[in-house]
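Notes to accompany the following structure.
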Amino acid sequence: MQGDGEVLFLGGVGEVAVTIGHDGLSIQPLHPELASSCWSSFNLQPKLDNKIKFSDVYAIELLDKGPICGAWNTRTAIQGKKNSEVFVHPLCGKGRGPRNWETVAPLFDRAKVKTKVIVTERAGHAYDTLALLSDKELKTFDGVVAVGGDGLFNEILNGILSSRFKASYPPTPEGFGYFGSTENCEGQTRNGINDMPTPNYLNVTFPGNSNTCDDHEPLLSTSQPTGLEMPSLNCSKEPCNGDQDHLVSFPNDWFRLGIIPSGSTDAIVLSTTGERDPVTSALLIILGRRISLDIAQVVRWKSRPTDEVIPTVRYAASFAGYGFYGEVIRESENYRWMGPARYDFSGTMVFLKHRSYEAKVAFLQTQNTHSLTTSAEDVVTGAQPVQSRQKRPHKIICRTNCLICKETSTFGQYLEDEIPGSSRTIYENSKWVWSKGRFLSVGAAVISCRNERAPDGLVADAHLSDGFLHLLLVRDCPLPLYLWHLTQFTKKGSDPLSFKFVEHNKTPAFTFISSHDESVWNLDGEIFQACEVSVQACRGLVNLFASGPEV
């Protein structure tokens, strides 16, 4: 078929000329006037160019011999297996999860991808299953797939990382008072305000946590304690005992997470693929696409001001927010019967209350970052809407094969002192910058957080794997200005972060301190009660079955 091509019959189209090129097949109908609407739909997508790329072909089927399938990666090719554990949320999106799985399951069967399907029966079911799974069992899978929303993905993420990711706590500024380096939380030390973390910081491992959990979170409302606290690292449980070959650590090159979007917002899928389509996500999983994804490590030091210091670790893949963001999630729990519409209703209710919260926030300013807004001391003094006059830097949007995400090493390498560009380099010449006052919201975006209501997301130029958080501090301001700020998120191409009462800082780590427990944190749509937290970006910590947004 090289050159002039060969005439074949394509169902729904008729006769077509097929030509083999160096990177794929080119298809042209010989009788376009007879082409069906199916072909027309295909023909209207300019990026396809009537072409099937070899890189997009997972399997072919010989009529007399059956299908010939490809491999996800080198490890799969060697071991000859393609297995995935699938968690299906039965209630998300008003039952959208089971329906979407029924749609894409035949694709996995056709591609000879074996799936172990678990329909979750309660909150915390996926977390418990993965946290208790031995590393030897986990290694029998090439990935874990969530058929649900961002909340189910967060549960799976925490279940996998809870006992398998070993790293230091986030750095903290002078005045915070502790970062905890022993199991009983004693012997706490401080870091200098303008210094890089001490050598001890680089060697700290997670301490054990209390078995008591005072959270009343939807994710954890189970009959048995599921706790997202880090278990003690005393090698008394798997995977410390047993064959070292079976240990699973993060980051790694082979294990991946996937999402079949079925939630209310599906911000993670939209930010990593550009499409909110179950079939598209299923094909990306089948084809074995892979991108690295930053993860925010959130350490809660205190749930409430009067509590003891008990470090509790959680992870977030898209967003961590306090104040307005947390109250919307907390309020929406009362209206789950409304489905996705509960977020609009709850958001309106919380907006009209217009509550602000006293807090102190310190973020780490490194030589690679700078303030993206006006000074933290600037305040809005008049009723007129005032926007920053400072020229904002040019936005570089994260796309497939993003150079910014690829330009330096992963977070896993940051943990090695001998490797250039390690954590010692990251915090070199860094300083802590404080912001104090009353805030309507405090938020940290790990990725752009695109969704159908916010086409550009919360931060349009956030990247999937650059090792930075986008810290958004919204100070108290008149209600009309706050409304103007929020409505800018709904408009593509707008700049909702340019208002003078909004501080936008790109940082690898920050600390939050509040003397009250009036609000809660929102971690990927899940409630987290905390009045003192420290957060850091873990660069490229996990791999996702995705290729980055095309558009």
Side-chain angles (χ1 to χ4, degrees), residues 149-151 153-154 157 259 261 263-277 280-281 291-296 316-326 328-329 340 343-344 347 351 369 372-373 392-400 402 404-405 440-474 482-499 502-507 510 521-526 535 537 539 544 546-551:
D150 295 340
F153 183 80
N154 180 274
L157 178 73
I259 313 177
S264 300
T265 57
D266 296 316
I268 296 175
V269 166
L270 275 168
S271 299
T272 55
T273 69
E275 299 286 342
R276 191 185 183 187
D277 176 58
T280 298
S281 293
I291 58 172
S292 296
L293 195 65
D294 288 348
I295 299 297
S318 61
F319 184 75
Y322 182 88
F324 176 82
Y325 302 115
V328 169
I329 296 299
Y343 294 112
D344 293 330
F351 166 76
T369 62
L372 303 178
T373 55
R392 294 170 63 77
H394 174 67
K395 294 181 180 179
I396 301 176
I397 307 300
C398 191
R399 292 286 183 257
T400 302
C402 175
I404 290 179
C405 293
L440 292 168
S441 64
V442 174
V446 187
I447 57 180
S448 64
C449 301
R450 294 168 61 179
N451 59 74
E452 292 181 347
R453 296 297 177 88
D456 289 337
L458 294 180
V459 183
D461 56 339
H463 285 262
L464 300 179
S465 183
D466 65 350
F468 289 101
L469 304 168
H470 287 259
L471 181 62
L472 308 178
L473 308 178
V474 181
Y482 191 42
L483 177 61
W484 188 6
H485 160 67
L486 293 177
T487 55
Q488 294 304 300
F489 287 112
T490 65
K491 302 175 183 177
K492 193 172 182 62
S494 64
D495 193 355
L497 306 182
S498 63
F499 290 87
V502 179
E503 296 177 35
H504 174 200
N505 297 286
K506 191 175 176 182
T507 179
F510 74 93
W521 283 85
N522 165 2
L523 302 186
D524 291 348
E526 300 298 327
V535 185
R539 184 168 192 176
L544 197 68
S547 57
E550 295 284 352
V551 294

Heavy-atom side-chain contact between P455 and R450 under 4.5 Å: no
Residue pair T265 / L270: nearest heavy atoms and the distance that separates them: O-CD1, 4.0 Å
Mind running side chain to side chain contact (heavy atoms under 4.5 Å, CB included) on R453 and D344 for me, showing each step along the way? CA-CA 10 Å; R453 296 297 177 88; D344 293 330; 2.7 Å; yes
Chi angles and distances behind the side chain to side chain contact (heavy atoms under 4.5 Å, CB included) call for V442, Y325: CA-CA 8 Å; V442 174; Y325 302 115; over 6 Å; no
P496 versus S494: any side-chain heavy-atom pair under 4.5 Å? yes
Could you check if a side-chain atom of V328 sits within less than 4.5 angstrom of a side-chain atom of N522, using non-hydrogen atoms only? no
D294 side chain near L464 side chain, heavy-atom distance below 4.5 Å: no
Are any non-hydrogen side-chain atoms of V446 and S318 less than 4.5 angstrom apart? no
F489 pairs by side-chain contact (heavy atoms from CB on, under 4.5 Å) with which of K491, H485, K492? H485
Contact between Y322 and S441 at the side-chain level, heavy atoms closer than 4.5 Å - yes or no? no
Which is it for W484 and F499 under the ring-ring contact (aromatic ring centres under 6.0 Å, His included) test, yes or no, and what are the steps along the way? CA-CA 9 Å; W484 188 6; F499 290 87; 5.0 Å; yes
Nearest heavy-atom neighbours spanning T400 and G548: OG1-O, 3.0 Å
Looking at residues at least two apart in the chain, or sitting in another chain, which of them share a side chain to side chain donor-acceptor pair (under 3.5 Å) with D266? R276
Would you say L293 and I447 make side-chain contact, with heavy atoms under 4.5 Å? yes
S281 vs I259 side-chain heavy atoms within contact, under 4.5 Å: no
Euclidean distance, E526 CD relative to W521 CH2, rounded to 0.5 Å: 16.0 Å
Correct closest heavy-atom pair for A267 and D150 would be N-OD2, 3.0 Å
Which heavy-atom pair separates S465 from S292 by the least distance, and what is that distance? CB-O, 3.4 Å
L471 and side-chain contact (heavy atoms from CB on, under 4.5 Å): which partner among V535, T507, V459? T507
Residue among H504, H463, K506 satisfying side-chain hydrogen bond (donor to acceptor under 3.5 Å, both in side chains) with H470: H504
Over all heavy atoms of both residues, which pair between A462 and C398 is shortest? Give the atoms and the distance, please. O-CB, 3.8 Å
Is the ring centre of F351 less than 6.0 Å from the ring centre of F324? no
Rounded to the nearest 0.5 Å, the CG atom of N451 sits from the OG atom of S271 at a distance of 8.0 Å
Determine, stepwise, if the pair I396 / D461 fulfils side chain to side chain contact (heavy atoms under 4.5 Å, CB included). CA-CA 6 Å; I396 301 176; D461 56 339; 5.8 Å; no
Once rounded to the nearest 0.5 Å, what's the spacing between atom CZ of F510 and atom CG of L473? 8.5 Å
Please determine whether side chain to side chain contact (heavy atoms under 4.5 Å, CB included) holds for the pair F153 and L544, giving the CA-CA distance in whole Å, both sets of side-chain angles, and the decisive distance to 0.1 Å. CA-CA 11 Å; F153 183 80; L544 197 68; 3.9 Å; yes
Please name the pair of heavy atoms, one in A316 and one in N154, separated by the smallest distance, quoted to 0.1 Å. CA-ND2, 3.9 Å
Sequence neighbours excluded, which residues qualify as side-chain contact (heavy atoms from CB on, under 4.5 Å) partners of A460? K395, I397, D456
